[in-house]
Amino acid sequence: MIKIKNLHANVEGNEILKGIDLEVNAGEIHAIMGPNGSGKSTLANVLAGHESYEVTDGEIIFGDQNIIEMDPDERAREGLFLAFQYPIEIPGVSNSVFLKTALNEIRKHQGKEEISAKEFLELIKEKTEILGMDNSLISRSVNQGFSGGEKKRNEILQLLTLNPKLAVLDETDSGLDIDALKIVAHGVNKFKNENNAVILVTHYQRLLDYIVPDFVHVLYKGKIVKSGDKNLALELEERGYDWIIKEQPVSV
Amino acid sequence: MSNSNIKKWYSDNFRQFEKLVESDSFNSLRKEALSKFELTEFPTKKDEEWKYTSISPILKHEFVPSPLSKKETSTISSIESFKIPNLDVHLLVFINGIYSKEFSNIGNLEEGIIIDSLFNQLKSNSDFINQYLSKKETIENSFSLLNTTFAYDGYVIYIPKNKIVNKPIHVLNIAADELSKPLIQPRNLIIAEQNSQAEIISEYVGKDKVENFTNIYTEISVDENANVRFYKVQNESDAAFHIDKTEIVQKDSSVFNHFSLSFGSKIARNDFNTKLDGENIELHLYGLYLGNDDQHIDHHTFIDHAKPNCESNELYKGILDDKAKGVFSGKILVNKIAQKTNAFQSNKSVLLSDEASIDAKPQLEIYADDVKCSHGATVGKLDEQAYFYIRSRGVPAEAARSMLIRAFVDDVISEINIEEFREKINHTIFEHLHREEF
Ligand SMILES: Nc1ncnc2c1ncn2[C@@H]1O[C@H](COP(=O)(O)OP(=O)(O)OP(=O)(O)O)[C@@H](O)[C@H]1O
Ligand SMILES: [Mg+2]
């Protein structure tokens with residue numbers, strides 16, 4: 001699905017990612033954990049093609065092509081999706097117009113016809129039901145005046161509607177109450193099948209109780225410093241990051 | 001053409017024009033204005049109020065006062081494309097500034113309400129009208145004097161005490177003469193008496209390529225407790241010149257919402273002057289200016305907080321592309337006695353090209369001590385993070401920018417409370433910027 005090789009990236013001249021290697025295959029769920037400021041969101045943004053981040057070295061092979069030079073919208077049409085840690089408000093553009101525009105661009109890229117108004121409504125109805133979302137949110141402007149939890153749910157609604165190959169979820173669990181967390185996790189599990197993959201960025205084991213990862217990686221100072229299975233997350237929950245950090249060679 | 005030659009051109013035209021109007025009751029004011037006009041120079045960039053806007057291109061043309069232009073070329077076959085779809089209105093249509101009985105459809109009015117042309121009113125109701133015309137304090141300049149000199153037609157809206165106009169009033173001013181260069185000078189009057197209510201859409205449009213010069217003078221009175229929403233739309237041809245001076249006086253507890261939605265013309269200059277001449281007044285000034293090519297769009301607003309306990313809120317937003325230039329000058333004066341004044345002003349512009357520019361000049365003059373006032377002006381680009389967000393869903397760059405434009409104008413557009421009209425404006429925004437509509 002995706003192979004990240006020796007990925008280095010800068011923001012405003014500071015190196016944030018310092019050589020990331022990660023391979024995610026179809027059917028897998030990878031969790032990325034790590035202390036604040038370690039570079040998790042940076043990695044997610046670099047994968048999605050954010051132009052403020054400069055890739056200075058390395059490759060991102062998505063499917064069978066290196067996507068480093070691709071614009072964010074091209075990557076999305078190729079099947080990459082990023083659920084934002086802080087979803088953006090777009091006043092004046094309704095959720096349904098936004099989703100329909102995005103969906104049709106992706107369908108066009110896949111050589112499919114535009115979705116009919118009726119099919120679209122049915123699709124949205126099905127997905128909002130999975131997420132227990134109020135239908136009125138669909139006609140409102142994208143994320144405008146949404147509560148924190150509604151914004152996160154809206155990200156998952158987009159995920160389910162656009163149905164990408166790879167979903168990168170950046171702290172989709174933060175700011176959710178326990179019921180909303182279950183609903184969002186249920187949404188992600190509905191999405192997941194053997195042909196797609198998920199990269200989950202999270203700080204908490206509680207999300208991983210519901211979305212069970214195949215692999216867990218710890219990002220620290222722009223590098224993956226430890227990888228394991230789901231038990232690694234449990235260990236982190238108990239012991240924090242100190243023991244891993246101490247294992248690191250002292251940088252000169 | 002030199003400044004004095006063009007003045008002579010208009011003076012000479014007046015001899016002709018006067019034959020059409022000499023018998024009416026307004027003529028002494030016209031003559032008085034003409035003699036002042038002859039003694040006044042057109043403003044130049046040396047005048048502080050005209051520092052950012054050169055009007056010399058307007059003086060290069062010999063515009064023909066529209067009552068004198070040839071009838072054959074001043075017509076139009078249909079006004080359908082200018083109407084607001086699906087909206088029931090009291091419709092007044094002016095072609096080149098002259099009332100068109102054929103296209104207007106004023107409909108039934110409650111007793112006492114007047115919605116009419118100035119031309120008709122000067123004929124049939126002149127004593128009444130003359131109590132109100134030219135009664136606002138103003139600083140005259142060559143343009144306002146020129147308007148008074150050639151005052152001929154315009155709209156008159158009079159809403160007596162306690163009356164509510166049951167549907168929006170739509171005034172369509174259409175510049176239609178492609179052959180001569182019409183000088184269109186609407187002279188408008190709105191009087192909303194105590195406790196009255198009205199919504200007015202005053203639109204200036206033009207057929208493509210018409211080289212008109214529209215020079216407007218509007219007087220608006222919003223009396224005690226009255227509530228008026230006034231939408232001005234300017235979408236004339238890109239060869240047109242447009243000057244608008246509007247004088248507004250509000251009385252106690254009145255609410256006035258003023259919109260200026262500016263799309264068309266080569267040079268547009270708007271002066272909106274409001275005097276808050278009472279207490280507990282609420283005033284909202286909204287503006288939206290969209291420029292491309294080499295358009296020049298200038299808004300000067302002046303709010304005079306003359307009495308205590310009033311609130312004014314001003315929000316002006318602009319999008320400028322290509323080599324377009326915007327000017328925003330917002331002056332707020334808070335008099336010594338105007339305690340407990342709230343006055344807020346915000347001006348935001350987005351530049352879509354490196355060659356577009358804006359001159360923003362907020363001015364607060366505060367002589368009272370117990371007031372809340374603020375102003376802010378920002379100039380920037382479209383929101384980068386939102387741009388990334390939209391594209392990260394697969395939406396291509398251009399469509400994403402269009403969505404961001406929709407987002408940027410939203411806080412002005414969403415204040416338009418007539419849905420059909422709001423949709424038309426939304427459409428105009430994207431049509432003007434040659435973009436996909438969102
Ligand atoms: N646009 C930016 N400009 C400047 N610095 C940035 C930018 N984006 C990220 N950084 C810096 O890069 C580092 C990594 O940030 P990042 O947001 O990737 O961390 P994170 O692991 O997601 O943290 P958290 O757990 O708090 O979300 C931080 O020091 C941050 O300040
Ligand atoms: Mg983060």
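In what follows, every chain begins at residue 1, and chains take the letters A, B, ... in the order their sequences are listed. Below, all heavy atoms of this structure are taken into account, side chains as well, without hydrogens, waters or symmetry copies. Everything numeric in this text was worked out from a predicted model, so none of it was measured.
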Open item on the list: Using 30° and 60° as the class boundaries, would you call the ring planes of A:H30 and A:H217 parallel, tilted or perpendicular?
Closed with: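 The rings of A:H30 and A:H217 lie parallel, inter-plane angle below 30°.
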What part of [X] lies closer than 4.5 angstrom to a heavy atom of chain A: side chain, backbone, both or neither?
X: B:A397; value: backbone
X: B:I390; value: both
X: B:S414; value: neither

Task: chain B contact residues among residues 79-105 of chain A, heavy-atom distance under 4.5 Å - done: A:L80, A:F81, A:L82, A:A83, A:F84, A:P87, A:I88, A:I90, A:P91, A:G92, A:V93, A:V97, A:F98, A:T101, A:A102, A:E105
Open item on the list: Strictly less than 4.5 Å between heavy atoms, which residues of residues 127-152 of chain A line up against chain B? Please order them by number.
Closed with: A:V142, A:N143, A:Q144
Task: Contact leader toward chain B among A:N45, A:D71, A:D73, A:L162, where contacts are heavy-atom pairs under 4.5 Å - done: A:D73
Got a second to check how far [X]'s [atom1] is from [Y]'s [atom2], nearest 0.5 Å?
X: B:E203; Y: B:L261; atom1: CD; atom2: CG; value: 9.0 Å
X: B:E355; Y: B:K325; atom1: CD; atom2: NZ; value: 12.5 Å
X: B:Q345; Y: B:E314; atom1: CD; atom2: CD; value: 4.5 Å

Task: B:K323 atom NZ, neighbour heavy-atom count above 12 within 6.0 Å - done: no
Task: Electrostatic pair B:R393:A:E155 at N-O distance under 4.0 angstrom - done: yes
TODO: Could you tell me whether B:D244 and B:K232 make a salt bridge, using a distance below 4.0 angstrom between a side-chain N and a carboxylate O?
DONE: yes
Open item on the list: Could you tell me if B:D208 and B:S237 have a donor-acceptor pair between their side chains, going purely by distance under 3.5 Å?
Closed with: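 No.
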TODO: Please check if the distance between the ring centroids of B:Y231 and B:F421 is under 6.0 Å.
DONE: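 Yes, they do, as the ring centres are separated by less than 6.0 Å.
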Task: Any A:R107 side-chain heavy atom under 4.5 Å of A:I115 side chain - done: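 SC-SC contact between A:R107 and A:I115 confirmed.
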Open item on the list: Taking the six-membered ring of B:F408 as reference, does the cationic atom of B:R406 (NZ for Lys, CZ for Arg) lie under 6.0 Å from its centre and within 45° of its axis?
Closed with: no
